[in-house]
Amino acid sequence: MIEDPYAFDINKLTYEQINKIRAYLKTMIDNGGSDLHVKANSAIRMRNKEGDIVAFSGGIFEKEDAMTLAKELLRTRFPEFVKNKEIDLVYPFDETSRFRVNMFFQMDGVSAVFRVIPMKIPTFEDYNLPEVLRSFTTKKSGIVLVTGATGSGKSTTLASIIDEINKTQRKHIITIEDPIEFVHKDNKCIINQRSVGQDTLSFSAALKSALREDPDIILVGEMRDRESINLALHAADTGHLVFSTLHTIDAKETINRVISQFPPDEQNRVRASLSSVLQGIVSQRLVKTIEGGRRAAMEILVHNATIEKLILENRDHEIRDAIEQGKSHYKSQSFDQSLLDLYNDGIISREQAKENATSAADLELKMNGFNSGIGSESDTLAKSATQEKDEDIFDLK
């Protein structure tokens, strides 16, 4: 009989490998790092506070040790890992830190990435969030999307928003996450947090159920497919405030991603729905600061009649201009405007601003004092827009 290479006795685990990893995690926390990378047959590395991958001193983490780590960390969930070849979980480290862990098989064996989740939920002030984001917390219904690449701080921004609501309003909040990262305690709000796989079978199943659970606010950790997007739009359309995330780089791509999930014969319906319920899009990029560490540059789309008209009429290519023109009146901003503000405030260098810009050439002109006309003209446009009825909104073309 062939012996199962993945079989093991839980009672014989010594937890030597997880204790070794805990030492690395502690060092990373003390140095302000964000991610620990553990790979079979490779050195252990971390992403430091500047966002660079650096190696810890020490030798190679052997293939057998990586497999043992998986058994020690997962215990009874190890067979699930072997079956699915990847797994997500949360690892409690101590009273001040937890880690979101993704473990997966790769050609040399097992790898794992440990992402720091602080136990303390950052406030708007802690995270230097633009004040306009506070306005999203008071909306009665609609949908707000927080987008960006993996590791750009989407979960932290959402946690700050939910915490602000929890401290200031009396609402029922349901979160659906995979896995739960920031843990919210009831304050003025009732907050029910559900983990996919543990508390519910899927985002879509939990969303359907949430509509029967008297929520005021629903947080969907990620809109992963057409069904969850459709349900989120329906929830927003029926009087709920919905927050969610997408892995998109800016507002224009976010709108395109949502609509492109549907077949062509449904896209006009989705455009109409999205244009009416979208309250805002916050897209993030982490940028190295002059003093060390990183700061989130944010593109912020704020709903107004012009944005609604552009989405409805499939004029997505004009959205960035509308965002920039609404900076003074609506407090919206493009990435380049956000980067310019960070540069002018002495937070980031000229090189970092240009490196992260949507248009480095245009941003350099603005840094040199050529403002491309965005300012007084945009104030006039924005004010005129608010005075017009929806059917008479000015045409940006």
Minimum-distance pair of heavy atoms, taken over all atoms of Lys288 and Asp52: NZ-OD1, 3.0 Å
Value rounded to 0.5 Å, distance of CG in Leu145 from CD in Gln279: 11.0 Å
Kindly indicate whether the side chain of Tyr330, heavy atoms from C-beta on, has any atom under 4.5 Å from the side chain of Ile300. no
Step by step, work out the side-chain hydrogen bond (donor to acceptor under 3.5 Å, both in side chains) result for Gln193 and His184. CA-CA 8 Å; Gln193 294 186 258; His184 297 270; 4.8 Å; no
Is it the case that more than 12 heavy atoms not belonging to Ile10 sit under 6.0 Å from its CD1 atom? yes
Residue pair Ala272 / Leu312: nearest heavy atoms and the distance that separates them: CA-CD1, 3.6 Å
Measure the NZ-CG distance between Lys154 and Leu158 for me, rounded to the nearest 0.5 Å. 9.5 Å
Connected via hydrophobic side-chain network under 4.5 Å: Leu25 and Val101: yes
Test log, rule side chain to side chain contact (heavy atoms under 4.5 Å, CB included), inputs Glu213 and Arg194: CA-CA 13 Å; Glu213 293 160 359; Arg194 307 189 69 193; 4.2 Å; yes
Under 3.5 Å: donor-acceptor pair, side chain of Asp9, backbone of Asn11: yes
Atom NZ of residue position Lys83 - does it have more than 12 heavy atoms of other residues, nucleotides or ligands inside 6.0 Å? no
Between the main-chain N or O of Gly221 and the side-chain N or O of Asp178, is there a donor-acceptor pair closer than 3.5 Å? no
Considering only NZ, NE, NH1 and NH2 on the basic side and carboxylate oxygens on the acidic side, decide whether Asp362 and Lys366 come within less than 4.0 Å. no
Shortest non-hydrogen pair, Arg77 vs Asp88, comes out as NH1-O, 3.5 Å
To the nearest 0.5 Å, what is the distance between CG (Asn230) and CG (Leu207)? 10.5 Å
Test side chain to side chain contact (heavy atoms under 4.5 Å, CB included) on Thr245 and Thr147; report intermediate values, then the result. CA-CA 5 Å; Thr245 71; Thr147 82; over 6 Å; no
Considering non-hydrogen atoms only, spot the tightest contact between Leu301 and Ala251 and give its length. CD1-CB, 4.0 Å
Which residue, Tyr24, Phe114, Phe99, forms the ring pair (Phe, Tyr, Trp, His ring centres under 6.0 Å) with Phe93? Phe99
Looking at every heavy atom in both Thr168 and Lys188, which two are closest together, and how far apart are they? C-CD, 4.0 Å
Apply side chain to side chain contact (heavy atoms under 4.5 Å, CB included) to the pair Arg75 and Lys71, showing each step before the final yes or no. CA-CA 5 Å; Arg75 294 168 57 86; Lys71 295 172 182 176; over 6 Å; no
Could you check Glu324 against Ser334 for side-chain hydrogen bond (donor to acceptor under 3.5 Å, both in side chains), going step by step and ending with a plain yes or no? CA-CA 6 Å; Glu324 291 196 336; Ser334 68; 2.7 Å; yes
What's the verdict on side-chain hydrogen bond (donor to acceptor under 3.5 Å, both in side chains) for Thr27 and Asp30, showing C-alpha distance, side-chain angles and the deciding distance? CA-CA 5 Å; Thr27 301; Asp30 292 344; 5.8 Å; no
With a 4.0 Å cut-off on N to O distance, would you call Asp341 and Lys327 a salt bridge? yes
Are Arg170 and Asp216 close enough for a salt bridge, meaning some N to O gap below 4.0 Å? no
Thinking salt bridges, do Arg134 and Glu164 make one under a 4.0 Å N-O criterion? yes
Quick one: hydrophobic cluster around Ile53, which other residues, with the 4.5 Å side-chain cut-off, linked directly or via members? none
Check: Phe81 ring centroid to Phe105 ring centroid under 6.0 Å: yes
Are more than 12 heavy atoms, taken from residues, nucleotides or ligands other than Lys85, located less than 6.0 Å from that residue's NZ atom? yes
Check ion pair Lys26-Asp94 (N to O, under 4.0 angstrom): no
Yes or no on side chain to side chain contact (heavy atoms under 4.5 Å, CB included) for Ile165 and Ile161, after CA distance, side-chain angles and deciding distance? CA-CA 6 Å; Ile165 297 171; Ile161 289 172; 4.3 Å; yes
Sub-3.5 Å donor-acceptor pair from the side chain of Arg285 to the main-chain atoms of Asn356, do we have one? yes
Are the side chain of Gln284 and the backbone N or O of Gly153 linked by a donor-acceptor pair below 3.5 Å? yes
In the single-linkage hydrophobic clustering (I, L, V, M, F, W, Y; side-chain heavy atoms under 4.5 Å), do Ile180 and Phe243 co-cluster? no
Counting only N and O atoms by type, is there a donor-acceptor contact under 3.5 Å from the side chain of Gln267 to the main-chain atoms of Phe262? yes
Measuring from Glu177:CD to Ser195:OG, what's the distance to the nearest 0.5 Å? 8.0 Å
Return yes if some donor-acceptor pair links the side-chain N/O of Asp163 with the main-chain N/O of Ala159 below 3.5 Å, else return no. no
Would you say CD of Glu125 has more than 12 non-hydrogen atoms from neighbouring residues, nucleotides or ligands within 6.0 angstrom? yes
How close do Val90 and Pro179 get, heavy atom to heavy atom, and via which atoms? CG2-CG, 3.5 Å
Steps toward side-chain hydrogen bond (donor to acceptor under 3.5 Å, both in side chains) verdict (Asn304, His329): CA-CA 11 Å; Asn304 58 60; His329 192 75; over 6 Å; no
Linking Ile, Leu, Val, Met, Phe, Trp and Tyr by side-chain heavy atoms under 4.5 Å, what else ends up with Met107? none
Within one Ile-Leu-Val-Met-Phe-Trp-Tyr cluster: Tyr15 and Tyr91, side-chain cutoff 4.5 Å: yes
Within one Ile-Leu-Val-Met-Phe-Trp-Tyr cluster: Leu342 and Ile290, side-chain cutoff 4.5 Å: no
As an exercise, state the distance from CD1 of Ile311 to CD1 of Ile259, rounded to the nearest 0.5 Å. 7.0 Å
With a 4.5 Å limit on heavy-atom distance, are the side chains of Leu219 and Ile176 in contact? no
Is a salt bridge present between Glu50 and Arg294, judged by a nitrogen-to-oxygen distance below 4.0 Å? no
Sole residue of Lys252, Lys309, Arg271 in salt bridge (Lys or Arg N to Asp or Glu O under 4.0 Å) with Asp316: Arg271
Would you give me the side-chain donor-acceptor pairs under 3.5 Å for residues 36-44, sequence neighbours excluded?
unit_1 : atom_1 : unit_2 : atom_2 : d
Asn41  : OD1    : Lys63  : N      : 3.4
Ser42  : OG     : Arg45  : NH1    : 2.9

Electrostatic pair Lys208-Glu227, nearest N-O below 4.0 angstrom: yes
Would you find a donor on one side and an acceptor on the other, under 3.5 Å apart, between the side chain of Gln333 and the backbone of Glu299? no
May I ask whether Phe182 and Leu133 are part of the same hydrophobic cluster, defined by side-chain heavy atoms of I, L, V, M, F, W, Y residues being less than 4.5 angstrom apart, directly or through others? no
How many angstroms lie between CZ in Phe203 and OG in Ser228, if you round to the nearest 0.5 Å? 8.0 Å
Sub-4.5 Å side-chain heavy-atom contact between Asn31 and Asn48: no
Would you call Arg269-Glu266 a salt bridge at under 4.0 Å N-O? yes
